[in-house]
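Read through the structure below, which is laid out as structure tokens, and then see the notes.
Residue numbering restarts at 1 for every chain, and letters A, B, ... go by the order of the sequence lines.
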Amino acid sequence: MHNFEYAAPASVADAVAALAKPDAKVLAGGQTLLPTMKQRLAAPTQLVDLRKVAGLAGISREGDAVVIGAMTRHADVAASPLVHDAIKGLGALAGLIGDPAVRHRGTLGGSLANNDPAADYPAAVLALGATIVTNKREIVADDYFKGLFETVLGEDEIITKVKFPIPEKSAYEKFRNPASRYAMVGVFVAKSKTGVRVAVTGAGSSGVFRQKEMEAALAANFAADAIKGVKIAAANMISDLHGDADYRAHLVGVVARRAVEASA
Amino acid sequence: MVQVSMTVNGKAVSAHVEPRTLLVQFIREHLRLTGTHVGCDTSQCGACVVHIDGKAVKSCTTLAASCEGAQITTIEGLAHGGKLHPMQQAFQDNHGLQCGYCTPGMIMTAVDMVNRKGHQLDEATIRHELEGNICRCTGYHNIVKSVAQGAREMGGAK
């Protein structure tokens with residue numbers, strides 16, 4: 001990878017100041033950014049490592065929400081009894097990201113800021129209607145994702161934590177590419193008092209999306225059979241050597257039904 | 001250049017390195033601890049697994065600078081006084097290797113697995129947990145047997 005300058009500030013304010021340099025980038029767990037830099041697909045001139053910033057990691061319950069710090073590692077979310085008891089699908093999802101060593105480094109905030117179309121966390125954030133908290137504002141999930149690797153985050157904006165409302169039931173099911181282990185289709189289903197939300201990752205050519213026909217059908221009858229008739233259009237699906245758009249569209253239905261069956 | 005100081009296998013080390021220096025480069029090229037291998041260099045194969053503060057990570061996908069102040073354990077840090085660690089001994093007893101290239105990463109992952117999952121590991125658990133370690137010789141059968149034995153013996157069972 002190309003060389004860069006390295007800063008490890010101790011506060012969010014200092015991190016924002018360090019980001020003022022041209023082509024500066026935030027380093028969280030580095031499990032996507034460092035491989036991308038090795039391939040020279042990214043060449044920041046300055047990395048701002050958040051590891052020393054106090055207060056960015058941790059899991060707590062605040063009223064009807066589970067609040068997870070942006071620098072919380074996937075392994076810590078996966079191992080948290082608090083998360084499993086409150087939002088079963090979220091704990092299970094964290095345990096399915098990458099492999100054990102990747103989960104020891106990768107972070108919630110890093111995954112959301114990167115918004116890889118095959119990443120797992122965006123599905124949970126969108127289906128649970130989570131709120132992303134940054135150093136500047138609070139962003140609801142429906143406004144946050146803007147397409148492949150695109151979000152509404154500004155250049156000097158840092159995610160500090162995410163607030164996940166606790167649903168009645170939730171589950172995440174993932175159909176993995178057998179080689180890369182990334183989601184070819186991942187579906188998160190969340191049922192709460194206000195309705196049902198279904199979010200799909202891995203499949204959409206604009207990244208994570210909600211499947212509203214399924215949401216309506218499941219709101220009327222929360223059962224796998226209720227969404228059997230929902231037609232998934234292939235038009236907006238990713239087509240690549242791992243699977244074409246028709247195949248992914250079919251998988252969305254199959255994986256969504258599995259997620260409904262697994263909801264608890 | 002950045003100054004990095006950390007503890008590797010119980011010994012304090014310090015060096016002036018380029019910020020882009022990966023932990024695995026620091027370990028192999030600066031410290032000359034060449035037991036940690038680079039296989040794929042894309043965080044998929046696991047040959048580079050070491051422990052940072054007791055947890056398995058891929059040292060090819062971690063900056064040395066990010067490990068300032070950390071406790072690092074590499075494969076060289078497992079044996080004590082000429083006596084192999086129980087997991088190393090189990091790999092020897094079961095011939096849990098063919099060419100040996102993936103072995104350091106397999107063993108570091110296996111020790112981490114025992115730390116998280118305990119001493120009684122069934123085959124399905126071991127195979128699932130080895131997801132991030134690839135043996136190009138496909139020698140998994142004996143690797144799985146080795147991990148199961150090593151796990152038991154780390155708990156004191158013989």
| message | The test is side chain to side chain contact (heavy atoms under 4.5 Å, CB included); show your working for L27(A) and L63(B) and say whether it passes. | response | CA-CA 10 Å; L27(A) 175 67; L63(B) 295 177; 3.7 Å; yes

| request: Decide yes or no on side chain to side chain contact (heavy atoms under 4.5 Å, CB included) for K38(A) and S43(B), but give the supporting numbers first. | output: CA-CA 11 Å; K38(A) 284 181 178 183; S43(B) 60; over 6 Å; no

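- The contact between N3(A) and chain B is made by backbone and side chain atoms together, counting heavy-atom distances below 4.5 Å.
- When side chains are defined from C-beta on, S66(B) counts as touching R105(A), because their heavy atoms get closer than 4.5 Å.
- Looking at Q44(B), its side chain never comes within 3.5 Å of a backbone N or O of S180(A) through a donor-acceptor pair.
- Neither the backbone nor the side chain of L130(B) has a heavy atom closer than 4.5 Å to any heavy atom of chain A.
- Looking at T62(B), both its backbone and its side chain come within 4.5 Å of chain A, counting heavy atoms on both sides.
- Contacts between V57(B) and chain A at a heavy-atom distance below 4.5 Å involve backbone atoms as well as side-chain atoms.
- Residue C67(B) holds its SG atom at 7.5 Å from CZ of R51(A), rounded to the nearest 0.5 Å.
- No other option in G46(B), G69(B), C60(B) has as many heavy-atom pairs under 4.5 Å with chain A as C60(B).
- Not counting sequence neighbours, the partners of F26(B) by the ring pair (Phe, Tyr, Trp, His ring centres under 6.0 Å) test are H30(B).
- Here L22(B) is the residue among L22(B), I52(B), T21(B) with the most heavy-atom pairs under 4.5 Å with chain A.
- For chain A, the nearby part of D112(B) is the side chain; its heavy atoms alone come within less than 4.5 Å.
- Put simply, NZ on K55(B) and CZ on R73(A) are 8.5 Å apart, with the number rounded to the nearest 0.5 Å.
- Heavy-atom distances place no part of L33(A) under 4.5 Å from chain B, backbone and side chain included.
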